[in-house]
Amino acid sequence: MSKHILLLGAPGAGKGTQSKRLAAEFDLEHVTTGDALRANKDMDLSHMDTEFDTPRAYMEAGELVPDEVVNEIVVTALADADGFVLDGYPRNIEQAEFLSEITDLDAAVFLDVSEEELVDRLTGRRVCSECGASYHVEFAPPEEAGVCDECGGELTQRDDDTEETVRERLRVYYENTEPVVEHYRERGELVEVDGEGTPDEVFAELVAVVED
Ligand code: AMP
C-alpha cells in the first residue's frame with residue numbers, strides 16, 4: 001500500500017536529502033514546497049492581498065510564502081500522488097490544519113538537529129544548478145571544488161543560505177514551525193529521529209520507521 005509520510009524538521013535538518021531517498025526507496029512521490037516555489041519564484045502574486053508580489057521576495061527575506069499560495073501547490077501535488085513524502089510543509093499551524101482536511105498521514109517524522117549544527121550546515125551548503133544534488137564545503141565536498149560529482153554542473157549557494165537569511169529562517173522556524181512539531185507530538189503521532197548522524201545512519205533509521 002502506498003504510504004503518506006510527513007518529514008518535519010528545521011531548515012538544514014536534512015529533509016530534502018532524506019525525502020528524496022525515501023521516495024526512491026518506497027516508490028513514493030517527493031512533494032516539496034521549497035522546490036516548487038524555487039521553480040516558480042517569479043509567480044505574480046500582485047492580485048492577492050500579500051506583502052510582497054513574488055515568492056522570490058519572501059524566500060530571499062527568509063519569510064514564509066503566504067498560505068494560500070503554498071496550500072494550492074500542495075493540493076495540486078497531492079492530487080497527483082498516490083503515496084508521498086511531504087517535505088517543507090506544513091510550516092505553521094494553519095497549514096497543518098489545512099493538510100489534515102485534504103489527506104491522512106501514516107507517519108509524521110521529526111528530524112532533530114541542534115541550532116548550532118543547522119547554521120553550519122546551511123551556510124556551507126552548495127547545490128548543483130543542474131541536477132539539484134547537495135554538497136557541503138566542509139562536511140561533504142565535491143571531488144572538484146564548485147563542480148557536481150553527479151553531472152558536472154556548477155555548484156551554487158542558494159540565495160537564502162547566506163548567514164543573515166539563515167538566522168531569519170531559523171527564527172521563523174522556531175516561531176511558526178516548532179508549534180507544528182508540538183501539534184503532532186501532543187496527538188501522539190510524532191516519531192523522532194536523531195538527525196545528527198551520517199546521512200546513511202539517518203536514512204537507515206527513517207527506513208525502519210516507515211516500514212514499521
Ligand atoms: P525550503 O527549501 O523548504 O527551505 O524552503 C525555502 C523557502 O521557501 C522558505 O524559506 C519559505 O520562504 C518558502 N517555503 C517553502 N515551503 C513553505 C511553506 N510550507 N510555507 C511557506 N513558505 C514556504
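Count residues from 1 along the sequence. We count ligands from 1, going down the list as the structure has it; atoms in each ligand are counted the same way. All of these numbers come straight from a predicted model, not from anything done at the bench.
- A salt bridge does not link D161 to R126: none of the charged side-chain nitrogens sits closer than 4.0 Å to a carboxylate oxygen.
- Considering backbone and side-chain N/O of V65, one or more are found under 3.5 Å from N/O of ligand 1.
- Only the backbone of E63 comes within 4.0 Å of ligand 1, judged by heavy-atom distances.
- Between C151 and E130, the shortest heavy-atom distance links the atoms SG-CB, 3.7 Å.
- By the criterion of side-chain heavy atoms lying less than 4.5 angstrom apart, applied directly or through intervening Ile, Leu, Val, Met, Phe, Trp or Tyr residues, L7 is not grouped with I102; the two fall into different hydrophobic clusters.
- The residues E25 and R21 are annotated as not salt-bridged, no charged nitrogen and carboxylate oxygen being separated by less than 4.0 angstrom.
- Residue A96 comes nearest to Y184 through the heavy atom pair CB-OH, 4.1 Å, listed as atom of the first residue, atom of the second, then distance.
- Shown in contact with V70 at under 4.0 Å from a heavy atom are these atoms of ligand 1, numbered in order with element: 18 (C), 19 (N), 20 (N), 21 (C).
- The shortest N or O to N or O distance between L37 and ligand 1 is not below 3.5 Å.
- At a 3.5 angstrom cut-off on N or O pairs, D160 does not count as close to ligand 1.
- Taking atom 16 (N) of ligand 1 as the reference point, the nearest protein heavy-atom neighbour is T33 OG1, 2.8 Å.
- In this structure, K3 contributes its side chain and V210 its backbone to a donor-acceptor pair below 3.5 Å.
- In this structure, the protein non-hydrogen atom closest to atom 10 (O) of ligand 1 is R169 NE, 4.0 Å.
- Under 4.0 angstrom from ligand 1, the non-hydrogen atoms of R158 all belong to its side chain.
- Considering only non-hydrogen protein atoms, atom 8 (O) of ligand 1 sits nearest to M59 CE, 3.4 Å.
- For ligand 1, the polar-atom distance check finds an N/O of Q95 within less than 3.5 Å of one of the ligand's N/O atoms.
- The protein atom (non-hydrogen) at minimum distance from atom 15 (C) of ligand 1 is R91 NH1, 3.3 Å.
- The pair D159-K41 meets the salt-bridge criterion, with a side-chain N (NZ, NE, NH1 or NH2) lying under 4.0 Å from an Asp/Glu carboxylate O.
- Close contacts of ligand 1 with Y89, meaning ligand atoms under 4.0 Å from a residue heavy atom, involve 19 (N).
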Checklist entry - Does the ring-ring contact (aromatic ring centres under 6.0 Å, His included) test come out yes or no for H4 and F84, once each step is laid out? => result CA-CA 5 Å; H4 294 178; F84 59 80; 4.5 Å; yes
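- Looking at every heavy atom in both residues, Y58 comes nearest to L64 through CD2-O, 3.2 Å.
- Heavy atoms from both the backbone and the side chain of L64 come within less than 4.0 Å of ligand 1.
- Heavy atoms of R38 approach ligand 1 to within less than 4.0 angstrom.
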